[in-house]
Amino acid sequence: MKNRFEKVRYIYIVGWIVVFITLFLYMQIKERYSFYFTEQWNIFLYDWPFVKSVLWQPGGLARLIADFLIQFFIIPYLGALISAILFTATGIVTSIILKRLAPALHLSVLSLLPVISLLFLQFNINYQLSGTIAFLMFLCAFVFYLKIQSLVPRIIYTACFSLLLYWLAGPVASLFVAAILLTELFVNFRSFYFFLLPAALVYLSAVVSLRLGVAGELKYLLLPDGYFTWKLQAGNVIYQPWLLMLAVLLLALLFGQIKQVKKNIQVAALVIQFVVFGWLAVFNSSFMIDSRHEIFKELDYYMRQENWDKLLERCREIDMNNYLYQNCRNVALAEKGLLAENLFDYKQQDLRSIYLNWDKTPYVSVLLSDVYFSMGHIALAQRMAFESNESVNNYNPRMLKRLIQTNLIYGAYPVAKKYIAILEKTKYYADWAQAQKQFLENDEAVESDPFLGSKRKCIFPENVLSGKNGFDSDLKHIIDHNPTHQASIQYLGAIYLLLRDIEGFKTMVEKYYNTPALPALPKGFQEGVMLFAANDTTALKYYAISDQVIQGFEAYKNKRNSQNVYLNFLLK
């Protein structure tokens with residue numbers, strides 16, 4: 001008997017080690033860029049007022065633990081390692097619960113169902129890790145509940161811990177009381193109604209929180225929606241882990257009275273569990289993972305690292321029929337000084353290939369801030385950076401850096417100092433923030449810095465409301481004040497061509513050609529010149545149009561509407 005027990009325990013330990021290793025490898029391969037992306041949407045400040053302000057909110061401890069762990073996601077492999085530990089612990093505690101409720105059955109595989117659901121939910125860019133932390137806190141509280149045999153202590157424990165769990169972990173307290181009500185319904189039906197008290201306490205706590213303005217809707221205080229970016233709709237998928245937990249709990253309660261099970265039935269039950277687990281894994285991998293999001297997270301990582309070569313290399317490997325990808329790629333080209341040269345060597349569709357319409361989501365706000373900053377449009381880059389932080393219940397460290405840079409560029413040193421003080425309280429951004437202090441109240445240092453000085457020259461002092469006379473007008477002001485900022489004129493010309501505004505492009509070329517802003521025409525602009533000067537040999541010579549470009553146009557000149565056909569050919 002002892003040898004059998006040792007063998008079962010050995011299999012149990014080895015099984016969970018295999019689960020841990022599998023989770024780690026899967027996430028490292030499939031989700032490594034998700035971890036980098038997640039790190040950018042959370043910040044942990046080593047500052048007691050910050051800690052206190054978070055703890056004061058319902059679910060504050062879960063969020064604080066999540067933010068503390070997420071800061072380490074910036075380090076390769078640590079995101080997958082930390083998540084694998086959390087998911088494995090979730091599975092182990094769930095298996096302990098199922099074993100206690102149905103000791104005669106081996107339901108360990110079923111304990112992985114909530115794990116697999118949380119795993120794939122983590123791919124969702126709007127899901128917060130605090131939801132997984134809160135789920136684990138719920139499981140631990142439920143394990144202790146199951147150890148209490150007497151009715152009165154159980155009622156007292158449930159009432160106290162439902163309130164405590166609500167305060168520390170947030171909406172998962174609803175799952176806690178639901179699981180207890182379900183358990184009592186099977187185990188102690190006659191006293192079932194006593195456990196409506198904890199449910200009422202959680203509901204009243206949520207109502208009070210709603211009145212205090214903690215959230216705008218009750219669902220964010222009672223349901224899994226609270227672990228989702230509040231200003232976005234979660235969708236039904238976020239309920240899956242809770243529903244699966246209640247389902248496996250119900251199954252364990254239904255079969256909990258069985259004292260002994262034949263070996264062949266146990267084997268069949270184990271096979272069924274693996275089939276269910278495999279089906280859920282395949283279903284979630286196809287339903288909950290959007291490959292487009294994963295590619296964008298990767299491109300976003302290269303943007304953040306300013307690894308333009310790697311970004312362009314990746315763009316050659318993927319289907320570029322996506323405006324997000326095209327925006328990232330065009331920033332990389334502009335930063336390498338190749339946007340105008342290679343404009344038509346890559347897939348371009350229309351103006352949205354250059355900059356997207358702002359949809360007020362935090363993710364597009366960050367991308368647009370990068371685009372505008374690359375253009376030299378400091379005002380809009382700053383606005384988008386500010387909007388991105390306003391859109392979420394946390395800071396984006398990358399956009400805090402942008403706000404520091406733009407305020408230093410504008411000479412708004414007190415504002416820059418405020419943001420520097422925030423980043424100084426972080427672990428991995430403090431050194432960068434401290435290095436920016438040399439520019440505070442020091443115009444000479446800003447203007448002599450190659451990066452900040454170049455961007456400061458892009459500021460146009462005219463009293464012009466941004467965008468009032470068209471976005472192209474803003475870029476012209478920037479070019480006039482800083483003709484050496486080559487990205488500005490490259491973007492301007494690209495905008496005209498993608499808008500098919502040949503007259504605007506012609507006016508731009510005539511104004512800036514043979515000036516410091518446009519000393520020579522890059523290939524993409526030469527191709528644009530063919531749209532209005534193909535039959536003007538003097539103009540072709542003046543603009544030094546290459547034979548290759550002329551021959552490319554000649555191949556299309558005999559087609560109907562040759563100008564439009566040629567432009568469509570260029571845009572592919």
Side-chain angles (χ1 to χ4, degrees), residues 37 39-43 125-126 229-232 293 296-297 299-306 311 322-335 339 351-412 415-416 418-420 422-423 429 436 451-452 454-456 458-460 464-468 470-475 477-478 482 485 487-488 490-492 494-495:
F37 192 82
E39 185 270 333
Q40 285 297 294
W41 292 100
N42 298 267
I43 199 169
I125 59 179
N126 301 311
T229 301
W230 285 5
K231 295 187 178 182
L232 299 171
H293 290 169
F296 175 65
K297 292 172 189 175
L299 298 182
D300 178 80
Y301 174 74
Y302 299 140
M303 291 265 287
R304 191 161 67 252
Q305 299 296 317
E306 297 184 2
L311 194 156
N322 184 298
Y323 288 120
L324 292 171
Y325 307 166
Q326 292 169 17
N327 273 235
C328 293
R329 180 205 57 213
N330 287 334
V331 169
L333 289 172
E335 290 300 312
L339 180 60
L351 184 59
R352 288 169 292 180
S353 299
I354 295 293
Y355 64 96
L356 291 164
N357 295 325
W358 183 44
D359 62 1
K360 299 186 179 180
T361 62
Y363 316 112
V364 171
S365 297
V366 168
L367 178 57
L368 285 175
S369 182
D370 286 340
V371 171
Y372 292 138
F373 201 64
S374 178
M375 289 179 178
H377 204 311
I378 309 304
L380 285 180
Q382 183 180 73
R383 181 192 170 191
M384 289 296 104
F386 182 80
E387 292 289 350
S388 70
N389 283 321
E390 286 294 299
S391 302
V392 292
N393 193 30
N394 210 323
Y395 288 115
N396 181 312
R398 177 179 170 194
M399 290 297 100
L400 284 178
K401 292 172 69 174
R402 178 63 44 74
L403 289 171
I404 291 170
Q405 292 169 331
T406 54
N407 280 289
L408 288 174
I409 290 166
Y410 274 116
V415 181
K418 180 186 74 172
Y419 291 122
I420 287 173
I422 295 174
L423 281 186
Y429 299 95
Q436 306 311 303
F451 178 74
L452 296 177
S454 174
K455 296 296 185 182
R456 175 173 279 194
C458 292
I459 300 172
F460 49 93
V464 177
L465 183 63
S466 180
K468 180 180 179 181
F471 190 73
D472 60 331
S473 177
D474 289 354
L475 288 179
H477 281 295
I478 295 168
N482 189 5
H485 193 265
S488 301
Q490 291 190 47
Y491 269 111
L492 179 61
I495 287 170

Next item on the list: Just do the side chain to side chain contact (heavy atoms under 4.5 Å, CB included) check on L333 and Q490 with the steps written out, would you?
Entry: CA-CA 10 Å; L333 289 172; Q490 291 190 47; over 6 Å; no
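- Two residues are said to be in side-chain contact when any heavy atoms from C-beta on lie closer than 4.5 Å; Q382 and L403 meet this criterion.
- Residue I459 holds its CD1 atom at 11.5 Å from NE2 of H377, rounded to the nearest 0.5 Å.
- Residues passing the ring-ring contact (aromatic ring centres under 6.0 Å, His included) test with F373, sequence neighbours excluded: F451.
- Looking only at distances, a side-chain donor or acceptor of N482 sits under 3.5 Å from a matching main-chain atom of S454.
- Residues D472 and I495 fail the side-chain proximity criterion, which asks for heavy atoms closer than 4.5 Å.
- The heavy-atom pair separating M384 from L368 by the smallest distance is CG-CB, 3.8 Å.
- No close placement of the Y419 and Y395 rings is indicated, their centers lying 6.0 Å or farther apart.
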Next item on the list: Check the pair L408 / K455 against side chain to side chain contact (heavy atoms under 4.5 Å, CB included), numbers first and verdict last.
Entry: CA-CA 10 Å; L408 288 174; K455 296 296 185 182; over 6 Å; no
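- Each salt bridge (charged side-chain N to carboxylate O under 4.0 Å, His left out) pair with one or both residues in residues 402-411, not counting sequence neighbours, appears once here: D370-R402.
- Annotation: side chain of R398 is in contact with side chain of D300 (closest heavy-atom distance under 4.5 Å).
- Here CG of L452 is found 13.5 Å from OH of Y410. Values are rounded to the nearest 0.5 Å.
- For the pair N396 (side chain) and W41 (backbone), a donor-acceptor distance under 3.5 Å is absent.
- N126 has its side chain within reach of Y363: a pair of non-hydrogen atoms, C-beta onward, lies under 4.5 Å apart.
- The shortest side-chain heavy-atom distance between I478 and I378 does not fall under the 4.5 Å cut-off.
- Of all heavy-atom pairs between S374 and A334, the closest is OG-CB, 3.7 Å.
- A donor-acceptor contact shorter than 3.5 Å links the side chain of N330 to the backbone of S353.
- To the nearest 0.5 Å, the span separating CD1 on I404 from OH on Y429 amounts to 11.5 Å.
- Closest approach of N357 to V364, counting heavy atoms only: O-CG1, 4.1 Å.
- Checked by atom type and distance alone, the side chain of E387 never pairs as donor or acceptor with a backbone atom of S365 at under 3.5 Å.
- L423 places a side-chain heavy atom less than 4.5 Å from the side chain of P397.
- Between the CG atom in L356 and the CD atom in Q326 there is a gap of 9.0 Å [rounded to 0.5 Å].
- Relative ring orientation between F37 and F296 is described as perpendicular, the plane-to-plane angle rising above 60° on a 0-90° scale split at 30° and 60°.
- Note: L400 CG to I422 CD1 = 5.5 Å, rounded to the nearest 0.5 Å.
- Taken to the nearest 0.5 Å, the OG1 atom of T406 stands 15.0 Å off from the OH atom of Y372.
- Using a 4.5 Å cut-off on side-chain heavy atoms (C-beta onward), Q40 and R304 make contact.
- Here the closest heavy-atom approach between residue G376 and residue C458 is recorded as O-CB, 3.3 Å.
- Here the shortest heavy-atom pairing between I354 and N327 reads O-OD1, 3.2 Å.
- Residues Y491 and V331 have side chains in contact (heavy-atom distance under 4.5 Å, counting atoms from C-beta outward).
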